Amino acid sequence: MLDMKYIRENLEEAEKRLQTRGGSAYLAGFRDLDDKRRALLKEGEALKALRNAASEEIARIKDKSQAQDKILEMREVSQKIKSIDEELKLVDDQLSAFLLTVPNVPHPATPVGASENDNLELRKWGKLPQLDFTPKPHWEIGEQLGILDFERGAKLTGARFTLYRGAGARLERALINFMLDLHTDQHGYTEMLPPFMVNRDSMTGTGQLPKFEEDLFKLVDPDYLLIPTAEVPVTNIHRGEILKKSDLPILYTAYTPCFRREAGSYGKDTRGLIRQHQFNKVELVKFTHPSESDNELEKLTANAEKVLQLLEIPYRVMALCTGDIGFSAAKTYDIEVWLPGQDCYREISSCSTFGDFQARRANIRFREDEKAKPEFVHTLNGSGLAVGRTLVAILENYQQADGSVLIPAALRPYMGGLERITL
RNA sequence: GGAGAGGUGGCCGAGCGGUUUAAGGCAGCGGUCUUGAAAACCGCCGAGUGUAACAGCUCCGUGAGUUCGAAUCUCACCCUCUCCGCCA
């Protein structure tokens, strides 16, 4: 959520910056609602002050029959207050509902552009594998080795669900442990294991609600929603809290499955593991001092990159442009991994800073010093990494001419010493 | 699922219709004293909104209601704890 005061005082600038995302008239209607709200507030408060003073007076009069005039007068004032409050609540609800649907203002460093074609490539890492045979896509490798079963996944649930088997299941689990160990032991993150379903307040805090409900899986009876990313429960850990400045930055990592409806992506990536309704991810989340968030985004991205470096898989880092960043994000780096079986780079991690956008929604604050007023922290998060897509990258980059797949050296201890997956 | 108890400021905890601007304590901050520390004593010490600064207004789990006036009374919901049942 944007700062109302900022919008009020910088309406044109805010609108202009928002429009670099590609839409138009993001803030239309704000001025009217805001003026109306403030007028009602002022009127109501004046009447309440009057009533409070009169109530005190009535309290002091011992013989209440002497106070009848005042009481009758206040009865009318209270009626007036009630109707103003009702109207105010209506306007208030409209205004906050409106503000919750306005996306974040892009960071000044986010390159301006209309679509993913305008994203900037910042750096490349690793050598693309030179294969003396035609590389296969991971779904063929996985099916041939008997470690990925797409048909039975569909039988058990439906499209975009996959059954992992044997060394495939083990590899997924090895990757989860490998990533968590790296981030906790080497990068200073504290491991969390949060609930996989959350309430509406949590989804609103990070920005999934109210605008993106159709992307979420919902439970029927308690009104809970399955998390689309660990970002939601982990960022909401500190919802409504005032943190100690000395505790910042707070670094959390968490493994969770992620559940996404993928509404609107019918026919996209229908083969293989790339786009599933349920996938595993190890997430990195930070709560930082506002002055440190830019730095911390660089570090967080480097932490995610480290996973691919240790696995020795080539990748590149992209700076997303204003037209391609997510609703809550101010600035985003995508890490794209090389997939020889598909002859392209695919997103495997998305690392973002949200500025105070989520902190304002979720009311997460800190104090500059003991006596200072609380201020909003900055929140950041990134995949470290998407596990299923990492498994895809291993299958495609480490595939051999005979159909087997080598296990990256860093992962072998997590695979019981297994060096190669064969039929 | 059944029965009971309870949700008050960073924490503990009083208050159950009108000097409550939420008692008191702990923690925290500042000071006196001290070589220094501790102890003792004194002062400050929730959040939001608003103002040049005051003032004003709102907030005692959430929402509705009764009343001139609600932390306090009524109703609904949420959450926590205890016991019973069931259960990995």
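So you know, we letter chains A, B, ... as the sequences are listed, proteins then strands, and number each from 1. Bear in mind the structure is a predicted one, so any value in this text is a computation, not a measurement.
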Sidechain N-carboxylate O distance under 4.0 Å for [X], [Y]:
X: A/Lys89; Y: A/Asp85; answer: no
X: A/Glu213; Y: A/Arg200; answer: yes
X: A/Lys155; Y: A/Asp149; answer: no
X: A/Lys16; Y: A/Glu12; answer: no
X: A/Glu57; Y: A/Arg60; answer: no
X: A/Arg275; Y: A/Glu262; answer: yes

Quick test: give all pairs of protein nitrogen or oxygen and nucleotides 8-19 of chain B nitrogen or oxygen below 3.5 Å, distance rounded to 0.1 Å.
{"residue": "B/G18", "atom": "N2", "partner": "A/Ser55", "partner atom": "O", "Å": "3.2"}

Checklist outcome for this item: Residue pair A/Glu76/A/Glu375 against RNA chain B: nearer the 5' end by closest nucleotide is A/Glu375

Checklist entry - Toward the 5' end of RNA chain B, which comes first, A/Lys48 or A/Pro374, by nearest nucleotide? => result A/Pro374

Are OP1 or OP2 of [N] and a side-chain N or O of [X] less than 4.0 angstrom apart?
X: A/Arg75; N: B/G69; answer: no
X: A/Lys5; N: B/G50; answer: yes
X: A/Ser78; N: B/G69; answer: yes
X: A/Asn52; N: B/U58; answer: yes

Next on the checklist: Mind checking if A/Lys70 touches a base, just sugar-phosphate, or nothing, with heavy atoms under 4.0 Å?
Outcome noted: nothing

Checklist entry - Across the strands shown, which category fits A/Arg8 at heavy-atom distances under 4.0 angstrom: base, sugar-phosphate, nothing? => result sugar-phosphate

Roughly how many Å apart are [M] and [N], using the [atom1] atom of each and rounding to a whole number?
N: B/G25; M: B/G61; atom1: P; value: 23 Å
N: B/U35; M: B/A27; atom1: C1'; value: 28 Å
N: B/U21; M: B/G28; atom1: P; value: 30 Å
N: B/U80; M: B/C73; atom1: C1'; value: 24 Å
N: B/C77; M: B/A3; atom1: P; value: 13 Å
N: B/U49; M: B/U32; atom1: C1'; value: 38 Å
N: B/C54; M: B/G63; atom1: C1'; value: 35 Å
N: B/G2; M: B/U8; atom1: P; value: 26 Å

Side chain of [X] only, please: which of [options] is the nearest?
X: A/Met74; options: B/G50, B/C68, B/A47; answer: B/C68
X: A/Lys89; options: B/A64, B/A47, B/U58; answer: B/A64
X: A/Glu45; options: B/G56, B/C79, B/G48; answer: B/G56
X: A/Arg365; options: B/G48, B/G65, B/C68; answer: B/G48

Rounded to whole angstroms, how far apart are [atom1] on [X] and [atom2] on [N]?
X: A/Asp223; N: B/C77; atom1: CG; atom2: C1'; result: 14 Å
X: A/Gln68; N: B/G69; atom1: CD; atom2: P; result: 13 Å
X: A/Lys80; N: B/U67; atom1: NZ; atom2: P; result: 20 Å
X: A/Asp85; N: B/A64; atom1: CG; atom2: C1'; result: 14 Å
X: A/Arg200; N: B/C78; atom1: CZ; atom2: P; result: 15 Å
X: A/Ile84; N: B/G56; atom1: CD1; atom2: P; result: 20 Å
X: A/Asp201; N: B/C79; atom1: CG; atom2: P; result: 12 Å
X: A/Arg51; N: B/C57; atom1: CZ; atom2: C1'; result: 11 Å

Could you tell me the Watson-Crick or G-U partner of [N], where both distances fall under 3.5 Å? Say none if there is no partner.
N: B/G85; result: none
N: B/U32; result: B/A40
N: B/G7; result: B/C78
N: B/U19; result: none
N: B/U67; result: none
N: B/A47; result: B/U58

Item to check | Step-by-step side chain to side chain donor-acceptor pair (under 3.5 Å) determination, A/Thr379 to A/Gln358 | outcome: CA-CA 7 Å; A/Thr379 59; A/Gln358 291 182 327; 2.8 Å; yes

Checklist entry - For the residue pair A/His277 and A/Phe161, does the interplanar ring angle fall in the parallel (under 30°), tilted (30 to 60°) or perpendicular (over 60°) class? => result tilted

Checklist entry - Would you find a donor on one side and an acceptor on the other, under 3.5 Å apart, between the side chain of A/Asn236 and the backbone of A/Ser202? => result yes

Checklist entry - Does the side chain of A/Lys306 come under 3.5 Å of the side chain of A/Gln186 through a donor N or O and an acceptor N or O? => result no

